[in-house]
Peer 1: 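A single structure is presented below for examination.
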There are 2 protein chains.
Amino acid sequence: MDSAKPSLDLVRSVTDVHVLRALMRHRRLTRAELAAQIGISKPTAGESVRRLTERGLVADTGERTPGGRGRGRVGSYYALAPAVGVALAVTIAPEGVVAECLDVYGDALARTMREVDRPARPDHVAAALRSAAAEVRDAADHPVRATVVSAADPVDRATGRLVQLPDAPFLVGELDPVAVLAPFAGGPVVVDNDVNWAASAERDSAGAEHLRDFAYLYLGEGLGCAIVNDGEIRRGRSGLTGEIAHLVTAGPGGRAVRFIELFGELGLRRHGSTAIDVGRLLGSGATTREVIGTAVAGVVAAVIALADPQEVVVGGSWGPALLGDIGAATARLPRHVPVRATALTGEPVMAGVRAAALDHLRASVTADG
Amino acid sequence: MDSAKPSLDLVRSVTDVHVLRALMRHRRLTRAELAAQIGISKPTAGESVRRLTERGLVADTGERTPGGRGRGRVGSYYALAPAVGVALAVTIAPEGVVAECLDVYGDALARTMREVDRPARPDHVAAALRSAAAEVRDAADHPVRATVVSAADPVDRATGRLVQLPDAPFLVGELDPVAVLAPFAGGPVVVDNDVNWAASAERDSAGAEHLRDFAYLYLGEGLGCAIVNDGEIRRGRSGLTGEIAHLVTAGPGGRAVRFIELFGELGLRRHGSTAIDVGRLLGSGATTREVIGTAVAGVVAAVIALADPQEVVVGGSWGPALLGDIGAATARLPRHVPVRATALTGEPVMAGVRAAALDHLRASVTADG
DNA sequence: CTCTTCAAGACAAGAGCCCTGACTAGAATC
DNA sequence: GATTCTAGTCAGGGCTCTTGTCTTGAAGAG
């Protein structure tokens with residue numbers, strides 16, 4: 001803390017935090033190893049372990065130096081106690097709900113999923129959410145210290161509720177994940193939309209250590225965008241940063257159209273819905289793809305103007321497939337920014353959610369109480 | 001620090017920082033008052049003052065409690081020593097250069113200005129800069145710990161150099177303020193563009209305590225925009241966030257045009273220049289103003305989509321004058337965000353520069369060396 | 001003019017945290 | 001079984017903060 005009052009307690013608590021962090025990195029350490037890791041004396045390390053054991057945050061593992069590594073006396077290995085708790089990582093998409101339970105080392109202790117009928121009915125989703133959360137929590141049987149949720153719809157920053165924006169598909173629907181998950185959560189419940197979590201995973205991915213300013217353009221059934229600036233996801237006043245459906249861009253014949261309307265004009269929206277028909281879009285001809293590329297370039301021009309990214313990463317179910325058309329159109333922009341497809345495979349959204357859940361859990365341990 | 005090693009020095013340095021900060025707020029205090037302010041004991045406060053006096057950061061003012069406020073023994077007033085140094089606040093605009101020298105309380109010790117011929121010649125501007133900086137530095141005669149500079153052109157974030165963007169007016173021109181001011185600066189030289197500083201002042205203005213996410217739209221000879229997110233000015237990868245000249249928006253007849261091109265089509269750019277002719281723009285008729293309002297609304301739509309501001313503040317030489325037309329057009333956007341003119345009078349840019357200079361100076365004192 | 005009042009500042013004692021260095025404990029190696 | 005080497009403990013010392021007492025010195029009262 002910067003505003004903490006100067007006192008001896010301060011330095012003691014700093015010592016304890018260092019010990020806890022060292023145990024997060026190395027899982028189990030003897031007191032001598034702790035002292036060496038942190039750069040403190042052995043007696044100090046021993047005292048800190050004693051205090052933390054008393055508070056139930058650290059426990060003697062019983063292990064006594066497994067493989068002979070030297071010949072001296074064996075040490076007692078200490079590790080974080082199970083009572084430090086777990087975090088829940090949850091994703092909510094129209095296809096279903098996935099919940100995982102993570103320990104403080106980031107390992108998944110349990111995972112489950114619930115499918116949901118399409119179109120999603122909010123009460124059905126809420127029930128799936130409750131059921132999945134209960135299952136993974138009970139499987140781990142440790143206190144839940146933090147819960148991080150991804151949703152496939154825009155999320156209100158102040159309340160965590162899913163919100164419907166005009167003319168955009170409402171994939172999951174009216175839902176209040178904070179309220180639904182509160183009975184399972186012993187700590188904060190953080191909700192954000194899936195595009196932001198995917199961008200978060202992109203930022204943390206290998207080889208992206210210096211990628212502190214970029215935009216993640218999600219082009220799928222819905223249209224979204226995440227802005228990462230100075231290494232942080234930017235959410236804006238309401239959490240609606242990146243809701244690009246109504247951005248004005250260049251449409252067919254050089255007319256100014258709102259981005260989402262373009263797909264209506266091209267007949268690429270699903271019947272009776274505001275969602276984009278991805279199958280038909282992917283099957284469209286060169287002319288249509290060129291029109292879409294130009295429109296996306298207009299969006300990229302706006303991103304360049306207002307976010308100044310190092311690069312633009314394209315994801316979503318059809319974005320990477322049209323990367324050629326998008327790249328050709330963005331190359332004509334006055335300011336050049338590389339546009340590339342996402343490098344992530346597997347579950348980028350869950351990866352971002354997991355990382356955030358782990359951060360919150362670890363923060364709850366070191367801030368403790 | 002969070003990663004500081006636990007030791008007794010840590011708590012001592014925290015104490016010293018508290019004392020320095022208290023003296024920044026209250027200018028002069030006795031040791032007893034310091035103890036009460038910070039919440040530490042009198043002996044501790046006395047020891048800290050002794051240490052800081054020895055290091056030359058604090059000095060006995062000689063004052064001895066002027067107005068009788070009680071009848072007990074009078075105390076010695078201590079204050080920050082002149083050796084803590086000063087900060088330079090500099091603005092560079094095509095009209096000229098202004099330089100101020102600020103002490104650690106934010107008071108201007110000296111101020112001077114140099115006019116510059118239009119169009120600005122870079123070597124002429126650099127000479128004016130040197131001359132003005134030398135004058136205010138010599139007037140104050142204390143070491144310069146920080147220098148903050150505003151420039152009326154885009155600023156490269158990595159180098160602090162002014163950069164020319166395609167198709168935008170280059171008002172000041174090729175200039176490297178960091179190199180020019182290095183001989184006068186005993187600390188960091190921070191450079192950013194004037195729109196960002198004006199937005200910074202808007203954020204700090206009275207009544208805007210909860211304004212952490214907003215956009216500042218500058219509409220004058222040049223076009224600019226500042227994005228404030230989570231209370232911080234966002235600069236992006238290169239420092240070019242807010243360079244909106246090439247944003248695609250709605251032009252005459254519903255065509256998609258780049259924002260800056262609109263003014264060329266309307267014949268509102270100055271002859272032989274890329275700058276907007278503000279006089280002619282302000283004299284234009286209702287139809288033209290409506291077209292401009294619609295185009296600005298397209299820009300606002302992009303800002304809403306990519307920054308999600310709480311409100312949009314409009315400044316610049318013609319922006320506030322067209323607020324009616326802009327407001328009418330933005331009211332038709334699907335998502336509503338209040339658009340208002342800037343409330344600041346006087347010198348908003350210099351106000352933002354001053355505040356940043358003071359922050360850097362104070363940080364240099366508490367971080368010290 | 002002297003005495004009283006009362007807060008500033010100094011001094012002393014005590015507690016807490018960390019460090020160094022020496023000592024004890026205990027398992028693997030020889 | 002003796003040796004070696006490291007984990008963990010103990011004792012002494014330094015530093016910082018705190019509480020409480022004492023001294024100092026100017027303002028106010030008489």
Side-chain angles (χ1 to χ4, degrees), chain A residues 1 4-19 22-23 26 28-55 58-79, chain B residues 1 4-19 22-23 26 28-55 58-79:
Chain A
M1 294 284 187
K5 281 203 344 190
S7 89
L8 280 308
D9 299 10
L10 192 156
V11 40
R12 191 186 49 186
S13 78
V14 169
T15 301
D16 289 356
V17 167
H18 275 255
V19 169
L23 287 174
H26 296 95
R28 62 194 221 295
L29 293 167
T30 66
R31 285 173 240 187
E33 288 170 339
L34 275 169
Q37 276 286 329
I38 300 170
I40 58 178
S41 66
K42 287 194 287 175
T44 302
E47 258 306 291
S48 180
V49 166
R50 195 196 54 69
R51 279 194 300 268
L52 293 169
T53 305
E54 209 162 59
R55 280 167 51 191
V58 163
D60 189 335
T61 60
E63 294 178 269
R64 292 285 179 277
T65 188
R69 54 105 194 235
R71 53 166 98 178
R73 171 180 177 179
V74 300
S76 304
Y77 279 106
Y78 289 84
Chain B
M1 295 283 187
K5 283 211 331 197
S7 89
L8 279 308
D9 298 10
L10 191 156
V11 43
R12 190 187 46 185
S13 78
V14 170
T15 301
D16 289 355
V17 167
H18 275 256
V19 168
L23 287 175
H26 296 95
R28 65 195 218 294
L29 293 167
T30 66
R31 284 173 246 187
E33 287 168 341
L34 275 168
Q37 276 286 329
I38 300 170
I40 59 179
S41 65
K42 286 195 286 176
T44 302
E47 258 306 292
S48 180
V49 166
R50 194 196 54 68
R51 278 194 301 269
L52 293 170
T53 304
E54 209 163 58
R55 279 167 52 193
V58 164
D60 189 335
T61 60
E63 295 177 89
R64 293 283 178 278
T65 187
R69 52 110 193 236
R71 53 166 96 178
R73 173 179 173 178
V74 297
S76 304
Y77 278 110
Y78 288 85

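These numbers were taken from a predicted model, which means no experiment stands behind them. Chain identifiers are assigned alphabetically (A, B, ...) following the order of the sequence lines, protein sequences preceding nucleic acid strands; residue numbering begins at 1 within each chain.
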Peer 1: Decide, yes or no, whether a salt bridge links B/Arg51 with B/Glu54 under the criterion of side-chain N to carboxylate O below 4.0 Å.
Peer 2: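 No, this pair does not count.
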Peer 1: Looking at residues 40-50 of chain A, who's got a heavy atom less than 4.0 Å off DNA chain C?
Peer 2: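 Output list: A/Ile40, A/Ser41, A/Pro43, A/Thr44.
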Peer 1: Below the 4.0 Å mark, does D/dT6 have OP1 or OP2 next to a side-chain nitrogen or oxygen of A/Arg31?
Peer 2: no
Peer 1: What closest approach, in Å, do A/Arg28 and A/Ala79 show between heavy atoms, and which atom pair accounts for it?
Peer 2: CB-CB, 4.3 Å
Peer 1: Hey, which of these two, A/Tyr78 or A/Pro6, hits DNA chain D nearer its 5' end, going by closest nucleotide?
Peer 2: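 Here A/Tyr78 is the residue nearer the 5' end.
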Peer 1: Is there a side-chain contact between A/Thr44 and A/Glu47 in this structure, where contact means two heavy atoms from C-beta onward sitting under 4.5 Å apart?
Peer 2: no
Peer 1: Is the phosphate of C/dC18 approached by A/Thr15 (side-chain N or O, under 4.0 Å from OP1 or OP2)?
Peer 2: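 A/Thr15 to C/dC18 OP1/OP2: side-chain N or O found under 4.0 Å.
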Peer 1: Suppose we call a contact any N or O donor and acceptor under 3.5 Å apart; does that hold for the side chain of A/Arg73 and the base of D/dA7?
Peer 2: yes
Peer 1: Nearest whole Å is fine: how far is C/dC19 C1' from A/Leu8 CG?
Peer 2: 14 Å
Peer 1: Within less than 4.0 Å of OP1 or OP2 of C/dG16, is there a side-chain N or O belonging to A/Ser7?
Peer 2: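 Looking at the OP1 and OP2 atoms of C/dG16, neither is under 4.0 Å from any side-chain N or O of A/Ser7.
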Peer 1: Measure from CG on B/Asp16 to C1' on D/dC15 and round the result to the nearest Å.
Peer 2: 14 Å
Peer 1: I need the CD-P distance between B/Gln37 and C/dA8, as an integer number of Å.
Peer 2: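 Distance check: B/Gln37 CD to C/dA8 P gives 13 Å.
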Peer 1: How many whole angstroms separate atom CG of B/Leu29 from atom P of C/dA8?
Peer 2: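 Atom-to-atom, B/Leu29 to C/dA8, this comes out as 12 Å.
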Peer 1: Whole angstroms only, please: what is the CG-C1' distance between B/Asp9 and D/dC15?
Peer 2: 9 Å
Peer 1: Under 3.5 Å, is there a donor-acceptor pair between the side chain of B/Thr61 and the main chain of B/Tyr77?
Peer 2: yes
Peer 1: Is the closest side-chain heavy-atom distance between B/Thr53 and B/Asp60 below 4.5 Å?
Peer 2: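 No. Closest side-chain heavy atoms not under 4.5 Å.
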Peer 1: Which heavy-atom pair separates B/Leu34 from B/Ala45 by the least distance, and what is that distance?
Peer 2: CB-CB, 4.4 Å
Peer 1: Say you draw a straight line from CZ of A/Arg31 to OG of A/Ser48; how long is it, rounded to the nearest 0.5 Å?
Peer 2: 11.0 Å
Peer 1: At under 4.0 Å, does any side-chain N or O of A/Arg12 touch on OP1 or OP2 of C/dC17?
Peer 2: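 Yes.
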Peer 1: What is the distance, to the nearest angstrom, from the CD1 atom on A/Ile38 to the P atom on C/dC18?
Peer 2: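 Between P of C/dC18 and CD1 of A/Ile38: 11 Å.
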